[in-house]
Amino acid sequence: MDVRRRPPMRSVRQSSTTSAGEPPVKHLKPSDALPLPLYLTNGIFFALFFSVAYFLLHRWREKIRTSTPLHVLTLSEIAAIVSMLASVIYLLGFFGVDFVQSLVTRPSGDVWDEDSRPGPCAAAIDCCPPPKVADVAPVTVFSSEEEEEMIRSVVAGSVPSYLLESKLGDCKRAAAIRREALQRTTGRSLAGLPLDGFDYEAILGQCCEMPVGYVQIPVGIAGPLLLDGREYWVPMATTEGCLVASTNRGCKAIFTCGGASSMVLRDRMTRAPVVRFPTASRAADLKLFVEDPINFDTLAVVFNRSSRFARLQGIHCAIAGKNLYMRFGCSTGDAMGMNMVSKGVQNVLDFLQTDFPDMDVIGISGNFCSDKKPAAVNWIEGRGKSVVCEAIIGDEVVRKVLKTSVAALVELNMLKNLTGSAVAGALGGFNAHASNIVSAVYIATGQDPAQNVESSHCITMMEAVNDGKDLHISVTMPSIEVGTVGGGTQLASQSACLNLLGVKGASKESPGSNSRLLATIVAGSVLAGELSLMSAIAAGQLVKSHLKYNRSSRDVSKIAS
Ligand code: ADP
């Protein structure tokens with residue numbers, strides 16, 4: 001193994017900046033050492049300079065007139081020359097040094113380069129230059145020889161990195177040691193990836209293995225989103241410029257027109273194991289058995305033992321030769337529910353094995369579920385929460401807030417979101433950018449971002465109503481997979497975002513109502529996002545707004561696809 005070693009680490013913290021609590025550093029000038037007040041000292045040296053200059057010029061003229069050699073000096077002339085030199089040195093030191101320093105210490109291009117200045121989007125942070133990320137790995141404090149030894153063992157491969165947490169019993173130290181070992185192994189710096197300020201105990205065994213730090217994503221706020229009579233401030237974690245601003249504009253248009261309303265049509269998480277039989281007819285036997293209502297009731301009892309919150313709703317079977325795919329669907333309370341439904345499915349498979357001993361369980365997941373992959377079954381049958389959300393946007397708001405017209409929006413929706421997507425052979429992609437909003441809200445609220453694949457299935461409809469004056473807009477999203485307990489939802493930042501929406505944790509009054517409410521907020525936010533982006537395209541503003549937000553170097557068509 002090619003292991004690049006750096007010199008042994010020493011406890012040297014580089015502290016080039018003054019911490020907030022320290023008194024400000026006073027910049028000393030040579031004149032600060034003077035015994036007299038500054039203005040008096042300056043006055044004396046100015047007077048001295050001009051008087052001796054006058055005296056010497058006068059003497060010089062006298063010598064020329066009397067033909068006395070210039071280098072023959074009297075005592076008074078020597079004293080005058082010395083005084084003049086002294087005053088010149090003082091005056092240069094006082095007025096000259098600051099000027100020279102200001103030239104020398106002017107910010108250099110690599111720290112605050114005009115070309116790399118943030119654009120108007122980042123006007124708020126214009127005043128504080130971004131921190132300069134070190135090119136070399138920072139020197140970290142490792143207090144004991146034991147830790148240094150541990151780093152060396154991880155680098156050498158004699159201690160597996162994944163065992164650090166259990167060996168040390170301290171998740172933060174484990175992450176620090178793993179990180180340092182990684183830097184030494186690769187010779188690459190992780191200086192920009194923060195380590196401090198994160199609760200590594202909170203992710204142990206459930207959110208992330210072998211951590212070496214955490215990535216920071218800014219969270220913007222769109223809102224208020226007026227949905228079903230309540231106002232929500234929607235947190236969006238994104239690095240996509242314009243996205244929050246655009247969603248915010250959509251929220252404003254919806255708010256001005258009295259808000260949006262939503263409905264949860266179905267709440268059903270799915271898992272579909274694949275089982276194999278010696279013959280296709282035996283696979284069909286199990287299909288008929290499972291679909292018999294009496295047997296289903298028995299299976300539901302077995303399934304529901306997995307959790308207080310799991311309630312089996314149905315089993316949708318599909319056969320491929322000797323193989324049977326059983327798509328179990330159940331409600332999962334406030335959890336997104338993948339763990340819960342998988343446990344229930346395992347209970348049922350164990351139960352079925354008695355009556356079908358020739359059943360061979362190939363996998364607890366046979367992809368008919370279908371999790372984190374584009375699949376028509378989710379688009380048609382739904383997965384997680386199926387939600388529809390609508391609003392009527394008045395003609396005046398369309399013109400004044402969205403800067404377009406109802407007719408232009410309806411036409412664009414038909415040609416882009418419906419016809420264009422049909423031409424593209426889209427699967428659930430009959431929208432402008434639902435996944436932008438879904439991903440940003442998912443990351444902010446601790447959802448599984450990989451489920452963005454099916455959660456972003458959405459058909460956006462637009463129609464002129466009220467004699468063609470107003471716009472009816474709706475989004476129908478059959479597979480919003482969200483939870484307010486479990487997974488990343490319990491981490492501090494994500495939990496704070498859920499709290500902002502009023503859906504943190506499990507609902508005590510009615511289990512499942514928090515996660516259903518979150519699903520409607522996701523749909524409402526998508527509605528706002530669709531309204532605003534479609535308006536921008538209809539008005540031909542898209543390229544303009546992206547240029548304004550300093551994205552001229554990027555392909556702006558990406559956000560509109
Ligand atoms: P998931 O099934 O989404 O992967 P987890 O299994 O990580 O979620 O978390 C669900 C856990 O939370 C279960 O152990 C469940 O018993 C518990 N729980 C507590 N309150 C609720 C609730 N209101 N709804 C669903 N689960 C809840």
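What you see is a predicted model, and the numbers here were worked out from it, not measured in a lab. Both ligands and their constituent atoms are indexed starting at 1 by order of listing. Starting from 1, each residue takes its place in the sequence as its number.
Within ligand 1, the atoms closer than 4.0 Å to a non-hydrogen atom of T332 are 24 (N), 25 (C), numbered from 1 in the order shown. In summary, the atoms of ligand 1 found under 4.0 Å from a heavy atom of A335, numbered by their order in the structure, are 3 (O), 8 (O), 10 (C), 24 (N), 25 (C), 26 (N). Here is the list of ligand 1 atoms found below 4.0 Å of a heavy atom in G486: 7 (O), 9 (O). Every atom of ligand 1 with a heavy atom of D334 under 4.0 Å away is listed here by number and element: 22 (C), 23 (N), 24 (N), 25 (C).
A side-chain N or O of S515 and one of K385 form a donor-acceptor pair less than 3.5 Å apart. Under the 3.5 Å distance criterion, with hydrogens and angles disregarded, a donor-acceptor pair is assigned to the side chains of S262 and D228. If you check the side chains of S456 and S435, you find no donor sitting under 3.5 Å from an acceptor. Checking S439 against N452 by side-chain atom types alone, a donor-acceptor pair falls below 3.5 Å.
Taking the six-membered ring where the residue is Trp, F289 and F356 present perpendicular rings, their angle passing 60° and hence far from 30°.
Nearest protein neighbour of atom 3 (O) of ligand 1, counting heavy atoms only, is G337 N, 2.6 Å. Nearest to atom 5 (P) of ligand 1 among the protein's heavy atoms is N339 ND2, 3.8 Å. Protein heavy atom in closest approach to atom 12 (O) of ligand 1: V485 CG2, 3.9 Å. When only non-hydrogen protein atoms are considered, atom 19 (C) of ligand 1 lies nearest to F309 CE1, 3.7 Å.
Within a 4.0 Å radius of atom 27 (C) of ligand 1, the protein contributes one or more non-hydrogen atoms. Within a 4.0 Å radius of atom 24 (N) of ligand 1, the protein contributes one or more non-hydrogen atoms.
In this structure, the side chains of L193 and R179 come closer than 4.5 Å at one or more pairs of heavy atoms. Using a 4.5 Å heavy-atom cutoff, the side chains of D199 and L491 are not in contact.
Annotation: S507 places no N or O atom under 3.5 Å from an N or O atom of ligand 1; distance criterion only. Looking at ligand 1, you'll find an N or O of M340 within less than 3.5 Å of one of its N or O atoms. Considering backbone and side-chain atoms alike, M336 places an N or O below 3.5 Å from some N or O of ligand 1.
I294 CD1: 12 or fewer foreign heavy atoms inside a 6.0 Å radius.
The minimum heavy-atom distance between V387 and V264, with the atom names listed, is CG2-CG2, 4.3 Å.
By the criterion of a heavy-atom distance under 4.0 Å, neither the backbone nor the side chain of V341 is placed next to ligand 1.
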